[in-house]
Amino acid sequence: MAKQEDVLKKIIAHAKEYGFVFQSSEIYDGLSAVYDYGPNGVELKKNIRDYWWKSMVQFHENIVGIDAAIFMHPTTWKASGHIDAFNDPLIDNKDSKKRYRADVLVEDYIAKIEAKIKKEVDKARKRFGDAFDEKQFMETNPRVLANLKKIEDIKNRLYPAMENNDMEGIRQLIIDLDIADPVSGTKNWTEVRQFNLMFSTQLGSMSESATEIYLRPETAQGIFVNYLNVQKTNRMKIPFGIAQTGKAFRNEIVARQFIFRMREFEQMEMQFFVRPGTEMKWFEYWKEERLKWHLATGIPAEKFRFHDHDKLAHYANAATDIEFEFPMGFKELEGIHSRTDFDLKSHEQYSGKKLRYHDPEINESYVPYVIETSIGLDRTFLAMLSYAYTEEKLEDGSERVVLKLPPFLAPYKVAIFPLTKKDGLPEKAHEIMDELKYDYMCFYEEKDTIGKRYRRQDAIGTPYCVTVDHQTLEDNTVTIRERDTLKQERVPISQLSSIIGEKLKIKL
Ligand code: GAP
């Protein structure tokens with residue numbers, strides 16, 4: 001088994017063992033690609049959501065929030081293009097009976113060629129040492145050039161076929177590339193069919209009068225249909241943004257890799273309304289801002305990269321992904337899209353209501369252009385777990401698993417331990433907890449040795465552990481132990497709040 005898969009398996013097992021993520025309806029053997037968050041998971045998730053909300057709404061005077069309903073008028077999805085175009089091409093292998101996204105089979109094939117190119121480059125870098133010029137190598141090495149040409153030829157067939165709904169063209173590409181099913185190893189493929197990813201349900205109790213409605217596949221449309229309500233009631237002036245977090249639903253064909261691709265998930269989206277013609281400036285601005293947000297967690301820059309889209313969605317004139325290096329490799333974490341005036345214009349057409357802005361600076365009315373930042377909360381959660389999960393050998397030869405979560409995102413900020421269960425130590429520990437609990441999530445534990453209690457807190461990422469001992473009763477000092485350095489210090493109880501507070505500051 002590949003090492004990366006091992007890491008993901010360990011993270012999944014750890015997430016379950018320590019109450020972060022459970023398979024949904026596990027006692028019934030689970031529901032595919034649906035997950036529940038446990039007591040520690042719900043805290044981490046809430047902290048990530050709060051960090052995003054603060055950075056958008058609290059730190060920007062021209063961004064406000066909303067909370068729109070999951071159910072929306074069905075015409076919303078006609079106007080947004082989701083009824084006609086929110087499809088994935090699917091293909092089945094007749095031997096393994098496994099279902100795949102046809103375009104992903106081709107993209108995986110491209111990724112294999114890219115890996116070959118990278119291998120060539122790494123080999124050459126080793127051979128030439130400091131004198132190695134990667135750009136020149138890429139432009140002249142015959143094997144690299146042949147592989148780059150191969151990729152270009154494949155993309156030149158895949159993207160137009162996707163664009164034109166040419167299912168036979170995609171199938172022919174799979175046949176021509178000799179792509180085999182990774183499970184059965186055969187090339188016994190069905191036709192390629194379009195599959196709409198939206199879940200539908202019925203609104204209304206009488207079957208004859210019930211209307212078919214959809215579970216929203218993105219939160220963004222709740223923002224677009226409320227554009228005018230928010231602009232008018234909050235007297236917003238362009239440029240301004242509307243932020244929202246909430247559940248979205250997609251009937252994903254291939255839903256694997258734990259909480260990376262789920263059928264029910266949470267998005268954090270912000271639509272930034274701008275004057276037409278200024279969208280590229282704002283697109284660049286939000287690219288930079290969003291990367292800063294990721295880096296402020298303390299995760300090193302080499303874990304992130306931008307991936308500009310070759311193939312643009314029907315609504316976009318520019319788009320990029322912020323990719324994160326998950327255990328399965330670099331994958332999309334967040335999308336930043338310049339959505340033009342597509343959505344508002346389309347809602348104008350379908351609703352017959354004007355969705356315009358009168359710009360007093362240029363004395364003109366127009367449909368605003370939109371820059372969108374869209375990030376999956378669950379995917380960010382997985383990114384955090386992947387980065388934080390660390391197996392360490394300590395100086396004394398013992399081993400520990402520690403979640404090196406950014407302290408401001410950790411489920412608990414401080415654990416408070418009385419050294420023993422007697423002599424008034426539990427009472428003193430509770431007294432300290434009663435002081436700190438209004439500002440910080442505190443964890444109290446008196447069972448087992450202090451060493452075992454430390455390990456349990458390491459495993460859930462608690463940045464500080466405080467031990468209350470007999471000296472505490474005499475001089476009101478405690479031992480505070482830091483998660484990553486393992487350093488222990490004796491400090492007055494009165495300083496605890498400021499020590500913890502200092503550690504939790506967000507520096508954006
Ligand atoms: N409003 C634009 C939009 O929804 P998207 O690229 O389809 O764009 C945005 O989704 C983000 O939502 C992705 O970058 C990803 O983090 C998250 N996401 C999308 N589908 C997901 C799924 N099935 N499971 C978990 N997260 C998902």
Side-chain angles (χ1 to χ4, degrees), residues 21 24 31-35 37 45 48-49 52 68 70 72 76-77 79-82 85-88 101 103-104 195-199 214-225 227 241-272 283 286-287 290-291 293-294 304-309 311-326 328 330-340 342-344 346 370-386:
V21 183
S24 159
L31 187 64
S32 166
V34 186
Y35 290 89
Y37 287 83
K45 195 174 174 200
I48 298 171
R49 191 191 298 111
W52 183 87
I70 287 171
M72 299 182 71
T76 308
W77 307 111
S80 68
H82 282 81
F86 197 52
N87 300 317
D88 278 343
R101 258 178 67 176
D103 56 328
V104 171
F195 177 76
N196 193 287
L197 299 184
M198 282 197 294
F199 285 100
Y214 300 95
L215 300 188
R216 64 182 179 196
E218 62 171 13
T219 57
Q221 296 304 322
I223 294 180
F224 287 121
V225 299
Y227 154 74
I242 304 177
Q244 173 170 225
T245 70
K247 289 271 176 132
F249 303 83
R250 295 182 189 177
N251 200 358
E252 299 282 359
I253 299 171
V254 183
R256 275 196 231 118
Q257 295 168 331
F258 194 36
I259 53 173
F260 180 81
R261 196 176 299 287
M262 304 155 87
R263 297 207 162 100
E264 173 180 342
F265 57 101
E266 193 164 335
Q267 288 187 315
M268 307 188 285
E269 298 200 297
M270 194 276 301
Q271 316 297 130
F272 198 70
F283 178 67
W286 280 108
K287 268 175 79 170
R290 293 304 304 148
L291 186 61
W293 184 87
H294 290 283
F304 299 95
R305 71 180 188 197
F306 283 116
H307 171 244
D308 294 330
H309 288 205
K311 176 182 172 280
L312 292 171
H314 59 278
Y315 50 72
N317 69 358
T320 196
D321 293 336
I322 296 180
E323 294 186 338
F324 176 77
E325 193 178 16
F326 289 95
M328 329 63 101
F330 273 99
K331 302 255 178 217
E332 174 187 344
L333 174 58
E334 170 158 15
I336 299 157
H337 313 121
S338 172
R339 287 180 81 127
T340 68
F342 172 84
D343 301 85
L344 287 181
S346 190
V370 171
I371 305 300
E372 163 183 78
T373 72
S374 174
I375 180 168
L377 176 50
D378 313 84
R379 222 174 257 192
T380 312
F381 186 105
L382 181 59
M384 287 300 159
L385 275 192
S386 317

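Read the numbers this way: they start at 1 and go in the same order the structure lists the ligands and their atoms. Computed from a predicted structure; not experimentally measured.
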Considering only non-hydrogen protein atoms, determine which one is nearest to [atom] and report residue, atom name and distance to 0.1 Å.
{"atom": "atom 24 (N) of ligand 1", "result": "Met262 N, 2.8 Å"}
{"atom": "atom 2 (C) of ligand 1", "result": "Glu372 OE1, 3.0 Å"}
{"atom": "atom 9 (C) of ligand 1", "result": "Ser374 OG, 3.0 Å"}
{"atom": "atom 25 (C) of ligand 1", "result": "Phe260 O, 3.2 Å"}

Is the charged tip of Arg49 near the ring of Trp52: under 6.0 Å from the six-membered ring centre and within 45° of its axis? no
Face-on cation placement of Arg379 at Phe260 ring, 6.0 Å and 45° thresholds: yes
Non-hydrogen atoms of Gln257 and Leu382 that approach each other most closely: O-CD2, 4.3 Å
Closest approach of Tyr37 and Asp378, non-hydrogen atoms and distance? OH-OD2, 2.6 Å
Can an N or O of [X] be found at a distance shorter than 3.5 Å from an N or O of ligand 1?
{"X": "Glu332", "value": "yes"}
{"X": "Glu218", "value": "yes"}
{"X": "His337", "value": "no"}
{"X": "Ile259", "value": "no"}
{"X": "Phe265", "value": "no"}

Any donor-acceptor N or O pair under 3.5 Å, side chains Thr76, Gln221: no
Check whether the side chains of Glu334 and His294 place a donor and an acceptor atom closer than 3.5 Å, and report yes or no. yes
For [atom], state which one of [options] supplies the nearest heavy atom.
{"atom": "atom 16 (O) of ligand 1", "options": "Leu333, Ile322, Asp343", "value": "Leu333"}
{"atom": "atom 10 (O) of ligand 1", "options": "Gln257, Arg261, Gln267, Arg216", "value": "Gln267"}
{"atom": "atom 5 (P) of ligand 1", "options": "Arg250, Glu269, Met268", "value": "Arg250"}

Tell me if the centroids of the rings in Phe324 and Phe326 come within less than 6.0 Å of each other. yes
Answer yes when Arg339 and Glu269 have at least one side-chain N-carboxylate O distance shorter than 4.0 Å, and no when they do not. no
Between Tyr315 and Phe342, what is the ring plane arrangement, given parallel below 30°, perpendicular above 60°, and tilted in between? tilted
With a 4.0 Å cut-off on heavy atoms, is Arg339 touching ligand 1? yes
Identify, by atom number and element, the atoms of ligand 1 in contact range of Glu334, meaning under 4.0 Å from any of its heavy atoms. 14 (O)
Residue list, ring pair (Phe, Tyr, Trp, His ring centres under 6.0 Å) with Tyr227, at least two apart or on another chain: Phe273
Can you tell which part of Lys331 has a heavy atom less than 4.0 Å from ligand 1: side chain, backbone, both or neither? neither
